[in-house]
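Each residue takes its place number in the sequence, starting with 1.
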Amino acid sequence: MKTLIFVLIISSFVQGTIWPADLVLIILICRSMIKTDPANLYLAFSLGLLNSHLSLEPLGLRSLVYLMVVEVTQMLSRSRFSSHPVLIIPISLLGLSLSAVVGGMVTNQSIHIFPGVIFESALALPIFYLVRLWEERFIARKDIKLKV
């Protein structure tokens, strides 16, 4: 969990300074598809506050959007269709579009969905596989007992 928090903080700084893709939301969507955990909501709220502070948006705007997207993703991950990994692309497309529309409406800027959100949602599949590899291989679960 500490490594995930570190990666999310670094990606929020990269998002705020170098590359304007919404990496934090993509990682949060991928993790909430893999593991339904209340910690996903805490991460969404805190990193939404950090991202809205770094991008000079109204404080709490991204937190609400991230919380809503993560909650919807967790509800969809409980369905029987969630076993197919390609489902992450339309979910991330909808979440990123919602984030772009809400951000554009509140800040009175033009909404640019087409080139950026499509690329970011295509980027969600490799990030999904990386997060799943990390969660399956390197995170010890409580039901696994090591013999000493």
Exercise. Hey, does Val24 have a side-chain heavy atom less than 4.5 Å from the side chain of Leu50?
Worked result: no
Exercise. Is Tyr129 linked to Phe119 within one hydrophobic cluster, defined over Ile, Leu, Val, Met, Phe, Trp and Tyr using a side-chain heavy-atom separation of less than 4.5 Å?
Worked result: yes
Problem set entry | Common cluster, Leu59/Leu61, ILVMFWY with side-chain heavy-atom separation under 4.5 Å | yes
For this session: Locate the shortest heavy-atom distance separating Leu125 from Pro85; write the atom from each residue and the value.
Result: CD1-O, 3.5 Å
Problem set entry | Partners passing side chain to side chain donor-acceptor pair (under 3.5 Å) against Gln15 (at least two apart in sequence or in another chain) | Asp22
Exercise. So how far is it from Met33 CE to Ile88 CD1, rounded to the nearest 0.5 Å?
Worked result: 5.0 Å
For this session: Look at atom CE of Met1 and say whether more than 12 heavy atoms of other residues, nucleotides or ligands are closer to it than 6.0 Å.
Result: yes
For this session: Side-chain contact test, heavy atoms from C-beta onward, threshold under 4.5 Å: evaluate it for Asn40 versus Leu28 and give yes or no.
Result: no
For this session: First locate atom CD1 of Ile18, then atom OG of Ser11, and finally report the distance between them rounded to the nearest 0.5 Å.
Result: 11.5 Å
For this session: Work out which heavy atom in Pro126 is nearest to a heavy atom in Ala122; give both atom names and the distance.
Result: CD-O, 3.4 Å
For this session: Decide whether Val86 and Ile27 are clustered together by the hydrophobic rule: side chain heavy atoms of Ile, Leu, Val, Met, Phe, Trp, Tyr closer than 4.5 Å, transitively.
Result: yes
Exercise. Are any non-hydrogen side-chain atoms of Tyr66 and Leu43 less than 4.5 angstrom apart?
Worked result: no
Problem set entry | Ile118 with Leu94, same ILVMFWY side-chain cluster at under 4.5 Å | no
For this session: Kindly compute the distance separating CD1 (Ile9) from CG (Leu47), expressed to the nearest 0.5 Å.
Result: 6.5 Å
Exercise. Do the side chains of Leu54 and Leu56 join up, straight or via other hydrophobic residues, at under 4.5 Å, putting them in one cluster?
Worked result: no
Exercise. Is there side-chain contact between Val101 and Met105, with heavy atoms separated by less than 4.5 Å?
Worked result: yes
Problem set entry | From CG (Leu123) to CZ (Phe128), nearest 0.5 Å | 14.0 Å
Exercise. Between atom CD of Glu120 and atom CD1 of Ile26, what is the distance when rounded to the nearest 0.5 Å?
Worked result: 5.0 Å
Exercise. Would you find a donor on one side and an acceptor on the other, under 3.5 Å apart, between the side chain of Ser63 and the backbone of Leu49?
Worked result: yes
Exercise. Tell me, do Val69 and Leu25 make a side-chain contact under 4.5 Å, heavy atoms counted?
Worked result: yes
Exercise. Between Ile29 and Ser92, which heavy-atom pair has the shortest distance, and what is it?
Worked result: CD1-CA, 3.9 Å
Exercise. Would you say Arg31 and Val70 make side-chain contact, with heavy atoms under 4.5 Å?
Worked result: no
Exercise. Between Leu96 and Ser121, what is the shortest heavy-atom contact and its length?
Worked result: CD1-N, 3.9 Å
Exercise. What is the minimum heavy-atom distance between Ser32 and Ser77, and which atoms define it?
Worked result: O-OG, 3.6 Å
For this session: Flag the pair Glu71 / Leu41 as yes when at least one side-chain heavy-atom distance between them is below 4.5 Å, and no otherwise.
Result: yes
Problem set entry | Tyr42 atom OH: more than 12 heavy-atom contacts under 6.0 Å | no
Seminar exercise, completed: In short, Ser52 meets Pro58 closest at the heavy-atom pair CB-O, 3.7 Å
Exercise. Between the side chain of Ser99 and the main-chain N/O of Gly95, is any donor-acceptor distance below 3.5 Å?
Worked result: no
Exercise. Measuring from Ser55:OG to Arg62:CZ, what's the distance to the nearest 0.5 Å?
Worked result: 4.0 Å
